[in-house]
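In what follows, chains carry the letters A, B, and so on, assigned in the order in which the sequence lines appear, proteins first and then strands, with residues in each chain numbered from 1. Bear in mind the structure is a predicted one, so any value in this text is a computation, not a measurement.
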There are 2 protein chains.
Amino acid sequence: MLNLTERQKQILALVIRDYIETGQPVGSQRLVEVYELTYSSATVRNEMGALTEMGYLRQPHTSAGRVPSEEGYRYFVGQLMGNTDLPVPTKRMIVHQFYQAGTDIERWMRLAASVLAHQSQAASVVTAPHSDTSVFKHIELINTRGRQVLMVLVMTNGEIRQQMLALAEPVTQEQLSQVAQRLNNLYQGLNVENIQASGSPLEALEQDITKLIIEDIRQSSHILGSEVYRDGLNHVLDDPEFSEEGGARRALRIIEERPLLEDLITRTVLSTELGGVQVLIGGEGTYEELRDCSVVLARYGHPDLATGTLGVLGPIRMPYGRTISTVRFVANLLSNLVVDLHAE
Amino acid sequence: MLNLTERQKQILALVIRDYIETGQPVGSQRLVEVYELTYSSATVRNEMGALTEMGYLRQPHTSAGRVPSEEGYRYFVGQLMGNTDLPVPTKRMIVHQFYQAGTDIERWMRLAASVLAHQSQAASVVTAPHSDTSVFKHIELINTRGRQVLMVLVMTNGEIRQQMLALAEPVTQEQLSQVAQRLNNLYQGLNVENIQASGSPLEALEQDITKLIIEDIRQSSHILGSEVYRDGLNHVLDDPEFSEEGGARRALRIIEERPLLEDLITRTVLSTELGGVQVLIGGEGTYEELRDCSVVLARYGHPDLATGTLGVLGPIRMPYGRTISTVRFVANLLSNLVVDLHAE
DNA sequence: TTTAGCACTCTCGTGCCGAGAGTGCTAAAA
DNA sequence: TTTTAGCACTCTCGGCACGAGAGTGCTAAA
């Protein structure tokens, strides 16, 4: 794993860079010419032979150039790539866009997905921030004509859930407001367990609504919160590597279908600390579904307030430097947003 | 346009049915054998020649079978197809699913998109119901720590908009509730124009919030409402006709990018009456972007309450009968939902 | 008006060939 | 011992020809 000479590292890095750029298998001679190496193509050939032996490179067939293996990409991302950062003008532009979005969380989410997709030319996913332990803040009951009542539930983290409920018999807005006020006083600042435990005597309507409240809070504690924002799905189709039969389909399904996405996020990101960016190359042996994809994921937010996940899915042949920096940068922006929303 | 003999109609219908099923150009002999026609392949050849002359059929090359032209599909859908309906068990299953979703609008939307995608094996889009002329019903202001205030705005049609606003200086929940109550009294049942016109003296905070209210109502009167639900984008990739370079990409972009979608909906559906289903085959000459797609769209809801749009995008070679009935059926379900939510 | 017969056309799969690219090995040079 | 030049070898890929198969259009008979 570590026994690479400096020259081997250099050649591996060049092969990967060149391949990422051109998409063509890269040969020894090309490498020497393009990057003006001080040693000959024969030497490069020997080294590439060694790297192939070690599993960092592959050759599609006997007489094509070399192509990085998943192992090779991983070594590159982990050891060779170095820490890249987005160019300042790009950062400025992104910040500006977010600035214009005001304080509308929904717009921030959409924008984050859009920026990720655009910058990395890949498909992106962003989940809304939510707290693992949602705390009741406020409830509002609004009469929408007759027996249909709109219930709006606000958590301390700013999350909102809404639901319609049908009553057995009509109730006036007066009565509803009274019920809401009573519940507000009772449950203010409590989490699910405490609400369940609070033994105040309730009338029928209040009991029903309390049940709904508990259910809603439970749901909002779920990993994916309520909303998932996606963008750049069309980029998946641009990538020539996905044009092979079925490749694109699998990739799309992962992003589109909630269960798959949820599984992915649960198993990888939740184990990452908040600042870090997780890179998953070619499924890493565990995920058959993303055999020929790479995923760059990060969590954002603040552990005490609310957290969310965002990430990018693209082909294995992906400009990792740029993608990783973008993901990190956007994650930071969103983290700041979360903190700001809760700041006093 | 009308001068088709009965036999020509029959042959045209059979060609289209067969092609939709198999995806292969259909020849005269196959037609006679499979559908046990009482006349010979030579006769069929003559008729197919005539149909080709008239522009309803095409031949990919001299010696392949015939393939429907866009004109042909249009004739088929308009004149030949007849009114199909979903099988009763299918309907029952769909209704059951919706029943289980309770009264959560968001879940209904997601479910509608999912059902459409699944039944028609194509990509689907559903927009949330909203009223063209949103009317103020209720506002709620909630203090979320310090100077950040959450504003929840409810319209008479049950639509909800939420927004964060930052105040210059901290305010207590008491004060916020008072402001909200005052605004509620003032604006109850008014639309944008009336709110703007109402000349009551307001203090600074109230003025700011009124501005936001107006802006929000304006936005919610926008065609696409706030949320667009999509599903089945992966089906776009399954279709062999989309595997040609770029075909799938264009299709995906139409669904994914708001402006394109908005344009499509504005120009087609808004001119349709509420019960009808609009079928757009191959762009109909106007839409270059969906040259090789067909779109089946419908509006749902109730003109006085709220309306939304839903539809399916797939390849031109699409099982129109099934798709159209599905779209119609789901549209009806959602219409009922809208009415129910407003029922007294 | 319909049908049988037949020549004609076009696609598609297969196999073959030569050009091109890149390798691996060997033997000489540093 | 390491690097390099040289060279034979391997493999892909684009063209091309060829034959099978499918379907048509036309003509002449029923």
Next item on the list: Go through residues 14-28 of chain A and report each residue with a non-hydrogen atom lying under 4.0 Å from DNA chain C, sorted by number.
Entry: Gly27(A), Ser28(A)

Next item on the list: Using the test ring-ring contact (aromatic ring centres under 6.0 Å, His included), find all partners of Tyr320(B) that sit at least two apart in sequence or belong to another chain.
Entry: Tyr73(B)

Checklist line | Side-chain donor or acceptor of Ser69(A) paired with backbone N/O of Tyr56(A) under 3.5 Å | finding: yes

Notebook entry, point to check: Just one of Val296(B), Val77(B), Val295(B) clears the side chain to side chain contact (heavy atoms under 4.5 Å, CB included) bar with Ile281(B), so which one?
Noted result: Val77(B)

Checklist line | Pairing stems for DNA chain D [at least three consecutive pairs; Watson-Crick or G-U; under 3.5 angstrom] | finding: C:1-30 with D:1-30

Next item on the list: Classify the nucleic acid contact of Arg30(B) as base, sugar-phosphate or nothing, counting any heavy atom under 4.0 Å across all strands shown.
Entry: nothing

Item checked: No-hydrogen, no-angle side-chain donor-acceptor test under 3.5 Å, Ser41(B) and Gln29(B) -> no

Next item on the list: Indicate yes or no for a side-chain donor-acceptor contact from Arg317(B) to the backbone of Ile20(B) under 3.5 Å, with no hydrogens or angles considered.
Entry: yes

Check: Where along residues 41-48 of chain B does a heavy atom come under 4.0 Å from DNA chain C, residue by residue in number order?
Finding: Ala42(B), Thr43(B), Arg45(B), Asn46(B)

Checklist line | Salt-bridge present (Arg253(B), Glu257(B); N to O < 4.0 Å) | finding: yes

Check: Are any of the side-chain nitrogens in Glu71(B) or Arg74(B) under 4.0 Å away from the carboxylate oxygens of its partner?
Finding: yes

Check: How would you label the contact of Gln29(B) with the nucleic acid (heavy atoms, under 4.0 Å): base, sugar-phosphate, or nothing?
Finding: nothing

Notebook entry, point to check: Earliest and latest nucleotide of DNA chain C, 5' to 3', sitting under 4.0 Å from a non-hydrogen atom of chain B?
Noted result: dT2(C) to dT11(C)

Note to self: Under 4.0 Å between a side-chain nitrogen and a carboxylate oxygen: does that hold for Asp292(B) and Arg250(B)?
What the structure shows: yes

Check: To the nearest Å, how far apart are Arg66(A) CZ and dT12(D) P?
Finding: 15 Å

Checklist line | Any side-chain donor near an acceptor of the partner, Ser120(B) and Arg322(B), under 3.5 Å | finding: no

Notebook entry, point to check: 5'-most contact on DNA chain C: Gly65(A) or Thr38(B), nearest heavy atom basis?
Noted result: Thr38(B)

Note to self: Has Thr84(A) got a side-chain atom pairing as donor or acceptor with Gly321(A)'s backbone, closer than 3.5 angstrom?
What the structure shows: yes

Check: Within a strict 4.5 Å, meaning less than it, do heavy atoms of the Tyr75(B) and Lys9(B) side chains meet?
Finding: yes

Note to self: Assess the residue pair Thr52(B) and Glu47(B) against the criterion (side chain to side chain contact (heavy atoms under 4.5 Å, CB included)); give the C-alpha distance rounded to whole Å, side-chain angles, the decisive distance to 0.1 Å, and a yes or no.
What the structure shows: CA-CA 8 Å; Thr52(B) 308; Glu47(B) 297 291 35; over 6 Å; no

Next item on the list: Mind jotting down which residue pairs meet the salt bridge (charged side-chain N to carboxylate O under 4.0 Å, His left out) criterion with at least one end in residues 21-31 of chain A? Sequence neighbours excluded, please.
Entry: Asp18(A)-Arg30(A)

